[in-house]
Amino acid sequence: HTVGLVSRFPILSTTQLSNPPMERGLQAVIDINGNLLSVVVAHLAPNNMPLFPPQTFVQQTQERYSRRASEVQEIIQTIHNRTHPTVMLCDCNMTDTSQTYAQLKTMLTDSFQAAGWGLGHTLSVSPVPFAVQRVDYVWHTADLQTVNAYVGKNGGSDHRPMIATVQLVQK
């Protein structure tokens with residue numbers, strides 16, 4: 001259980017986000033034609049509620065929500081300490097009506113909300129033949145702006161990719 005980053009631009013450094021609370025997260029600095037960009041890649045605690053036995057459902061659900069809240073606080077601190085424009089790529093395992101979403105939204109822009117169209121659902125649940133929730137995000141700091149954002153085609157995963165184009169804000 002980890003995350004990774006592949007880039008066509010040189011990756012200058014990578015740092016694992018602290019564990020705990022962040023089990024699956026990294027921060028990288030990328031050189032894009034002389035402009036430095038911080039990239040945070042995170043996979044927050046999943047819900048997986050249907051997998052819990054009924055006798056532990058409440059306890060497990062509370063633990064997952066608590067863990068995800070701690071992970072979001074770690075991300076907020078990482079973003080707060082940044083020195084470059086930042087993009088966060090995240091399987092956030094939350095919807096845009098959650099408390100953790102609202103916390104991230106105080107520091108970051110949800111690219112799909114900024115420039116996407118439609119529901120933007122990325123998570124498929126068998127046997128439903130279409131995606132039912134948006135839990136995957138491309139976030140960015142205010143020194144970047146979203147050009148476009150959309151959900152990509154199904155590539156064989158239970159998640160569809162969230163794809164966004166962002167650019168530096170011209171000053």
Side-chain angles (χ1 to χ4, degrees), residues 1-47 64-117 120-123 133-152 155 157 159-171:
H1 291 266
T2 190
V3 296
L5 176 66
V6 176
S7 173
R8 66 183 173 139
F9 298 101
I11 298 173
L12 302 180
S13 66
T14 59
T15 307
Q16 183 176 347
L17 297 181
S18 38
N19 182 10
M22 199 68 180
E23 183 178 319
R24 297 176 280 186
L26 67 84
Q27 180 178 16
V29 175
I30 297 175
D31 181 347
I32 302 176
N33 302 323
N35 295 304
L36 299 183
L37 177 72
S38 290
V39 179
V40 175
V41 182
H43 185 178
L44 303 184
N47 293 320
R64 294 291 174 100
Y65 277 92
S66 176
R67 190 166 120 205
R68 192 163 42 251
S70 294
E71 291 170 336
V72 165
Q73 287 308 308
E74 171 73 13
I75 289 168
I76 287 172
Q77 190 61 45
T78 297
I79 301 298
H80 180 72
N81 293 335
R82 72 188 177 87
T83 57
H84 310 295
T86 302
V87 171
M88 181 170 81
L89 313 172
C90 185
D91 175 349
C92 289
N93 284 308
M94 64 184 176
T95 65
D96 60 3
T97 58
S98 68
Q99 181 179 0
T100 47
Y101 178 95
Q103 290 170 319
L104 286 173
K105 186 108 172 97
T106 65
M107 295 192 77
L108 298 168
T109 298
D110 171 356
S111 63
F112 187 81
Q113 188 180 63
W117 184 87
H121 289 171
T122 59
L123 179 64
Q133 284 185 321
R134 181 160 68 104
V135 297
D136 302 285
Y137 298 85
V138 176
W139 298 88
H140 61 79
T141 52
D143 36 17
L144 297 166
Q145 65 184 12
T146 308
V147 175
N148 64 36
Y150 60 95
V151 177
S157 170
H159 292 252
R160 292 187 177 180
M162 178 57 64
I163 301 168
T165 302
V166 298
Q167 66 184 15
L168 281 170
V169 172
Q170 298 301 318
K171 296 180 182 183

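With hydrogens and angles disregarded, a donor-acceptor distance shorter than 3.5 Å links the side chain of Arg68 to the backbone of Ala45. The closest donor-acceptor contact from the side chain of Thr86 to the backbone of Thr141 lies at 3.5 Å or more, if one exists at all.
Closest of all the heavy-atom pairs between His43 and Asp91 is NE2-OD2, 3.1 Å. His84 and Arg82 get closest at one heavy-atom pair: O-NH1, 2.7 Å. When all heavy atoms of Arg134 and Met162 are compared, the pair lying nearest together is CD-CE, 3.8 Å. Considering every non-hydrogen atom in both Leu5 and Ala28, the closest pair reads CD2-CB, 3.7 Å. When all heavy atoms are compared, the tightest approach of Asp31 to Gly34 is OD1-N, 2.7 Å. For the residue pair Asp136 and Arg160, the shortest heavy atom distance occurs at OD2-O, 4.1 Å.
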Residue pair Thr109, Val166: steps toward the side-chain contact (heavy atoms from CB on, under 4.5 Å) verdict: CA-CA 11 Å; Thr109 298; Val166 298; over 6 Å; no
Stepwise side-chain contact (heavy atoms from CB on, under 4.5 Å) check, Leu44 with Arg67: CA-CA 8 Å; Leu44 303 184; Arg67 190 166 120 205; over 6 Å; no
Pair Leu37-Val39, side-chain contact (heavy atoms from CB on, under 4.5 Å): steps then yes or no: CA-CA 6 Å; Leu37 177 72; Val39 179; 3.9 Å; yes
side-chain contact (heavy atoms from CB on, under 4.5 Å) between Thr122 and Val135, worked out: CA-CA 6 Å; Thr122 59; Val135 297; 3.9 Å; yes
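Taking Tyr137 as the reference, Tyr101, Trp139 meet the ring-ring contact (aromatic ring centres under 6.0 Å, His included) condition, with sequence neighbours excluded. Looking at residues two or more places apart in sequence or on another chain, you find a side chain to side chain donor-acceptor pair (under 3.5 Å) between Asn148 and Thr165. For Tyr150, there are no ring-ring contact (aromatic ring centres under 6.0 Å, His included) partners at least two apart in sequence or on another chain. By the side chain to side chain donor-acceptor pair (under 3.5 Å) test, Ser70 is found to be paired with no residue, residues two or more places apart in sequence or in another chain being considered. Remark: Ala149 pairs with Ser111, Phe112, Thr146, Ala164 by the side chain to side chain contact (heavy atoms under 4.5 Å, CB included) rule, at least two apart or across chains.
Remark: Gln167 CD is packed, more than 12 non-hydrogen atoms of other residues, nucleotides or ligands lying under 6.0 Å away.
The closest side-chain heavy-atom distance from Leu104 to Met94 is below 4.5 Å. Ser38 has its side chain within reach of Gln27: a pair of non-hydrogen atoms, C-beta onward, lies under 4.5 Å apart.
A disulfide bond (SG atoms under 2.5 Å apart) check over residues 70-113, counting only residues at least two apart or in different chains, returns the pairs Cys90-Cys92.
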